[in-house]
Amino acid sequence: MMLQEQWLLHEIMPTVLERLKSQLETSLNILSKQNKSDSLPLSSTKNESLKGYISLNGPYITKAELTVRLANHQDTQSKAMITPTYPYFLEQIQQGTNYMILAAECVMSIKPSLLTKQTMVELLETVRQYTDRAQLAFEYPNETELFPYKVCHPKHFTPPLKEDLVIEFCVQDIYIVCSTYGIKFAGHHYTDSHASSVTYKDKTAWIVDQSRTQTQSPMLTELKGSFRSIREICQTYRHMLLQTNVTLSA
């Protein structure tokens, strides 16, 4: 049985390490700002409350042209642009990137000639955990990164947004989600029964209208496939190494 273990370590695992390196490099290339940008259409389905497009490049939305019309909020439509001068940062993509960098560093630090069963089992488990954490970062943002907890900075947009309009972006799985809120600040109770109140910028704000739309990102779709491949490699070969023990004790 020791022969099987030695065969796995010296004949199979060096190839497994190369496959992991390759998949991790693929993931990091997809996440890299140098990768070609996604140009994604945005359009709300039921009405014309939001339409336009965004360009996603690494963890940044580098360009956007949006037309927002929230009928309960204002009669006229608002136009907003994002330019490469002041891109919109998506923290979730950066978090995912950071986890994949850690996974890649783990694999790069291993010398195939010094492999032991324990180090390989631990490595495969660590890489799987980092990949799962990266995937989790893309599933849904922390609520502190969203309205009303996070303040929408008007300077992200050209022309700067008025204080009563909020536009924000986040990642949800393989989608970029754009949410818009029309708000009114009031010191007294707002009479519209459809409006809900939140604390925003340390003041009471009433949400009088809102819209949410999502667009599928080819970059995030490709990335999810790469994560799946890394996870499968880790689980398959970790299980194979652990089975040598089971067979031995049986």
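Start at 1 with the first residue, then count along the sequence. Owing to the predicted nature of the structure, the values given are computational and were not obtained by experimental measurement.
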Return all side-chain donor-acceptor pairs below 3.5 angstrom for residues 89-105, not counting sequence neighbours, or 'none' if the list is empty.
| residue | atom | partner | partner atom | Å |
| --- | --- | --- | --- | --- |
| Gln92 | OE1 | Val171 | N | 2.8 |
| Gln92 | NE2 | Ala137 | O | 3.0 |
| Gln92 | NE2 | Val171 | O | 2.8 |
| Gln94 | NE2 | Asn98 | OD1 | 3.0 |
| Thr97 | OG1 | Ile93 | O | 2.8 |
| Asn98 | ND2 | Gln94 | O | 3.4 |

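By the 4.0 Å N-to-carboxylate-O rule, Lys201 lies close enough to Glu163 to be salt-bridged with it. Using a cut-off of 4.0 Å between Lys/Arg side-chain N and Asp/Glu carboxylate O, Arg212 and Glu168 are scored as not salt-bridged. A salt bridge between Asp173 and Lys224 is present, with a side-chain N of the basic residue lying under 4.0 Å from a carboxylate O of the acidic one.
Residues Thr221 and Gln216 bring a donor and an acceptor atom of their side chains to less than 3.5 Å of each other. A donor-acceptor contact closer than 3.5 angstrom links the side chains of Thr116 and Thr119. Looking at Ser226 and Thr26, their side chains never bring a donor and an acceptor atom within 3.5 Å of each other. A donor atom on one side chain and an acceptor atom on the other are not found under 3.5 Å apart for Thr62 and Asn57. For the residue pair Thr67 / Lys79, a side-chain donor-acceptor distance below 3.5 Å is found, with atom types taken as modelled.
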**Q.** Lys184 vs Asp164, salt bridge (Lys or Arg N to Asp or Glu O under 4.0 Å): CA-CA, chis, key distance, verdict
**A.** CA-CA 6 Å; Lys184 290 190 185 299; Asp164 62 354; 5.4 Å; no

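Side-chain N or O atoms of Ser32 include none that pairs as donor or acceptor with a backbone N or O of Leu28 at under 3.5 Å.
With contacts defined as side-chain heavy-atom distances shorter than 4.5 Å, the pair Phe138/Leu223 qualifies.
A centroid separation of 6.0 Å or more is found between the aromatic rings of Tyr88 and Tyr60.
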